[in-house]
Amino acid sequence: MVQETRGELYLSFAGIWQRPRREIADHLEEIIELWSEEIEIPPETVAVLSAFCQRYPAGEERLNALWAEYIPLFETGAVEAPPYASVYLDKGRQVLGAETRAVQAFYASTGYGMGNDKQELSDHLAVELEFLALLARDGEETSGETFRQKHLLPFLQAILPRIKGSRRPVYAQAAEILDNWQLKSYERG
Amino acid sequence: MKRRDFLKGALYGTGGTMIALGGFGTLTKLDPKKAAAAEQDALSTVFSTCEMCTSRCTVALKVKNGKVVKAEGHPNDTSTGGSICARGNAAPSLLYDPERIKKPMIRTGERGDGKFKEVSWDEAYSYITEKLKNVQKQYGGEALAVTSRVNPNDIFFRSLARAMGSPNMFSHEATCPMTRTVALEATFGNPYIGADYGNAKYIITNGRNFFEGIHVPMVKGVMKSISNGGKLVVLDPRFSVTAAKGEWVPIKGATDLAFIMAMANVMISENLYDKEFIAQYSVGFDKWVEAVKDKTPAWAEQETGIPKDKIVQITRDFAKAKPNCLLEYGWRTPWTGNDYQLRRAIMIVNMMMGNWEVPGGYFRKKGAALLKPYPELQQYAKSLGGGMVQPAFPKPVKGRIDGTGVKGTPGQVIPVPDGAVGQIPESILTGKPYPIKAWMVYRFNPVISMPESERVIEAIKKLDLMVTCDVYMTDAAYYSDVVLPECTYMERYDPMIDNTGLTPKFQIRQPAVSVVYPDTKPAWQIFKELGEKMGYGQYFPFKDMEEYLTKQLAAAGLTLAEMKEKGFWVPPGMKPFFMRGKDPKAPAPTATADQKIQIFSEELEEATKQGIPEYKHYPQPENGKFRFIQGKVAVHTNAGTHNVPVLNELMPTNTLWINSVSAGKLGIKEGDSIIISAGKYEHKGIAKVTEGIRPDSVFTYHGFGRISPKMTRAYGKGINDNKLIPNELGEIGNVVSSTTFVTVRKA
Ligand code: SF4
């Protein structure tokens, strides 16, 4: 897979796991198309996502439909799959654990840190993927692969089964696709 | 935009220009020096004030690598002895809980569907502003009610209601100690009365459960008394942890006033009380003599189920310890409709012991105003100032919905800062005396803290606007239109905390770490920003909390830097001060107009026609029914902590305590699934079969059986006591917790 495509893929997933916002929601079709072209995925998975896009055309309604999935899945209360690595990889199922710190240190070692508005914790799934997108863009292949092996994959192994097992169609399918790419067929890709 | 251009554009910049950062801008290029500094973060200590309950213990938060790793007691605070309770210890577990609310949210589905979207703060403020302005236009500003758990940010929260012209500001107190407050105000002129447990030689408590309803300094005091050989007698239908530390007297529920009146009767007939004290310091004792003359131990035995000889013996022994003896005035007190008279009678019997302003007795909290007249104490008489000067608020057009403040009615004695919160659902549902259309709650969860949860939910569903500000998606938040995420106490400043007791004492609450979830905010900031959005910026004339605190402290000649470093301030060198500590005849004025203890209260006479406590007989449960009582548990705070990870782990659910003989008759065994029925409402639960409760009563710990599915750990676990208790308002607007009868059957 060419470096540019890898960067786009990482960024597409970063966009998906971020809190829903119009910019991403309105480009869902484009993201699905990218995934269909670059990752091996069963047609029924794509069909679920396309059906969602048809049912909720780009706009406010689609955004609210994503919120309805996102909040119980990642954000408040039930939190079926907390999106923070340290919840899975450290003892105690809490945020801001040793893993958060390790991830931050890794970002720093490559010259990156969290933005000034600090709108997210550094080990949020979307942030880790965005970081990999930037490394791919920068051509930092070795660092990217080290981060992937050390931090991303253990996190994905823990969180993706939960998202896939949820009853949230968009995110469950996106998790399936990320799983296919990162955990099942990355080598081939 | 063409296919994939969006992602490419984000990553590489559009139009062929490479942008410096790219991506979605979450990450930034780092200053390498800052990164290195952050790496070397040693263990540090930040002193603050705990907020895991309202007892406000001083704490030392241990911070390593930008993370609170432990909460400990403040090592220099003699009142706590440097310890904190399990809930205080659990603070970091709340701080780093992934289930906290992280962003402002607006409801997108029906109320109770649990569907929300996250929005920016500005959107949330705009939404609330628009709704409130509509309510104001259509129904008047008074159609907004605000309710909070008493806390230092109330001044900002309430400013929103005041600015809108609403008089309807409430605390949670009518569901907790308000009857005691009314009794203290009527008897002493204000409620700022403390008890010196540590030096007491005999303590009697009616249901007050020190070791489960924990207030660390008080627990330490009672422990000191016991270890010095003091006697502890616990009147409670249930064998509580406190009962286990003393003598358990299993009194019939709702009859405590009979026991207290009989004590007075014995003291008078046997000349056991301090006549000189009563003559010098009180008014109206003759009316009390009259009121208790037929309240003999034999009569009280019929009412309370306690043998008359036992009543006499306890009274004699208690009186022997005078004046270093305490008849405890209670904590969560709204047991019956006239509970305030029980609290009055308790304080009158205390005063008969002359235990006023002496070690081991009751005392006025020693703020600057009290110390000033004493030349040797003037140097310690410091008080905090205001952090801001607000312009005058508009005068509300209508009176309050609960009648608070209306002379010649019970409303006259309802404390103005508290009000009768139980009236809110009534006004929403019945429109009387006029409808409430918008309700804002801050750190208050009416669905669990007020009786008749389903009726509260029904009321919320009728509102035009419901707003909750909290740290979790509480049961109230779940039914709200807007949810505002407050950060925890470890991440923020609050206004100064005045914890004055026998000496002045000021405490700081300051951030130990920066906010964990970046879009949560301190309450003062939330209400200030919302006020500004509503066009009420003039009522929030301060820049930030540091500026506010600096002003508050300047009035006491203290600095913020000093408070931050030390955590709390007590006048160096000052000893606990009792007005009668050295001379039993010394002046010991109360805050009433005549400075005397009001055994007969003119004010209560005017308000409720009961200037002297009168006994009211409440029915006892008939055969097959049980009195339903509730209480606190040591590892949880009311309705506040049941979803905090480690506290939930310690106690995730509750049970229904039922006497083994009663359970046997019903074929119920330990651990059985049961149905508790209060007639209109039923609740499932698990039975705890025990000899530690009267056969006519059942008991459960409060705060369980949560309704919000978004508090996963606490959701649906255990019994929600307030589902079963009807929303009855007591004589002075208190809720009524202990006159509900239930039946129990196997599920
Ligand atoms: S009693 Fe416990 S929870 Fe309450 S303030 Fe003190 S330490 Fe904190």
Side-chain angles (χ1 to χ4, degrees), chain A residues 4 7-9 11-12 14-15 18-20 23-24 26-27 29-31 33-34 63-64 67-68 70-72 75-79 82-84 86-87 92-97 101 104-105 107-109 111-122 124 126-127 130-131 133-134 136-137, chain B residues 1-8 10-12 21-32 34-36 38-39 65-67 92-93 95-103 105 108-109 114-118 472-473 478 483 485 513-519 645-646 708-712 715:
Chain A
E4 184 177 323
E8 285 173 43
L9 277 174
L11 197 65
S12 69
Q18 278 184 346
R19 295 185 169 84
E23 203 186 3
I24 304 291
D26 289 354
H27 290 93
E29 284 89 348
E30 184 186 324
I31 289 172
E33 217 174 308
L34 167 70
L63 192 65
N64 281 349
W67 274 123
Y70 193 91
I71 290 182
E75 193 67 341
T76 303
V79 200
Y84 310 103
S86 77
V87 172
R93 291 187 55 79
Q94 300 248 297
V95 299
L96 272 184
R101 199 160 165 77
Q104 260 164 11
Y107 295 168
S109 73
Y112 281 104
M114 295 304 289
N116 284 338
D117 57 353
K118 295 211 171 73
Q119 285 299 299
E120 197 42 272
L121 301 187
S122 3
H124 190 289
V127 180
E130 190 175 335
F131 173 64
L134 294 175
R137 181 204 60 185
Chain B
M1 200 178 269
K2 273 195 275 145
R3 184 172 73 81
R4 290 169 72 165
D5 281 357
F6 162 63
L7 290 166
K8 275 203 182 73
L11 206 50
Y12 297 98
L21 286 170
F24 300 129
T26 315
L27 292 129
T28 184
K29 282 283 180 191
L30 212 58
D31 171 353
K34 268 192 199 158
E39 281 302 302
N65 297 330
K67 205 181 159 187
S93 152
L95 180 58
Y96 300 110
D97 185 359
E99 282 199 20
R100 277 175 54 191
I101 323 171
K102 303 168 190 75
K103 296 258 177 187
M105 291 195 284
T108 55
K115 287 197 178 139
F116 291 86
K117 64 176 174 185
E118 291 183 344
Y472 278 122
M473 193 66 157
Y478 190 68
V483 182
V513 288
S514 48
V515 284
V516 170
Y517 297 113
D519 232 1
V646 301
S708 165
K710 292 184 179 282
M711 298 173 77
T712 47
Y715 172 59

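This is a predicted model, so every value here is computed, not measured. Letters go in sequence order (proteins before strands), and every chain restarts at 1.
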Which atoms of B:Pro98 approach chain A - backbone, side chain, both or neither, heavy atom under 4.5 Å: both
Work out which heavy atom in B:Ala10 is nearest to a heavy atom in B:Phe24; give both atom names and the distance. CB-CE2, 4.2 Å
If you define the side chain from C-beta out and look only at heavy atoms, does anything of A:Ile71 sit under 4.5 Å from B:Glu118? yes
Counting only non-hydrogen atoms closer than 4.5 Å, does A:Tyr70 touch chain B with its backbone (N, CA, C, O), its side chain (CB onward), both, or neither? neither
For the interface with chain A, which of B:Val516, B:Leu95, B:Ile101 has the highest count of heavy-atom pairs at distances below 4.5 Å? B:Val516
Using non-hydrogen atoms and a 4.5 Å limit, figure out which bit of A:Gln18 sits close to chain B: side chain, backbone, both or neither. side chain
Heavy-atom side-chain contact between A:Tyr107 and A:Met114 under 4.5 Å: yes
Will you find, in the side chains of A:Glu130 and B:Thr26, an N or O donor that is under 3.5 Å from an N or O acceptor? yes
If you take all heavy atoms of A:Leu63 and A:Pro20, which pair is closest and at what distance? CD1-C, 3.7 Å
Of all the heavy-atom pairs spanning B:Leu27 and A:Val127, show the shortest one and how long it is. CD1-O, 4.0 Å
Tell me, side chain or backbone of B:Tyr472 under 4.5 Å from chain A's heavy atoms, or both, or neither? neither
Below 4.5 Å, heavy-atom pairs only: which of B:Lys103, B:Arg100, B:Lys115 has the largest tally toward chain A? B:Lys103
Side chain, backbone, both or neither of A:Tyr84 within contact of chain B (heavy atoms, under 4.5 Å): side chain
Would you call B:Met105 and A:Trp67 a side-chain contact if the rule is heavy atoms closer than 4.5 Å? no
Checking heavy atoms, do the side chain of B:Ser93, its backbone, both or neither come under 4.5 Å from chain A? both
In terms of heavy-atom proximity below 4.5 Å to chain B, should A:Val87 be classed as side chain, backbone, both, or neither? side chain
The interface call for B:Pro92 against chain A, heavy-atom contacts under 4.5 Å, is backbone
Note, A:Pro82 side chain near A:Arg93 side chain (heavy atom, < 4.5 Å): yes
Where on A:Ala126 is there a heavy atom nearer than 4.5 Å to chain B: the side chain, the backbone, both, or neither? neither
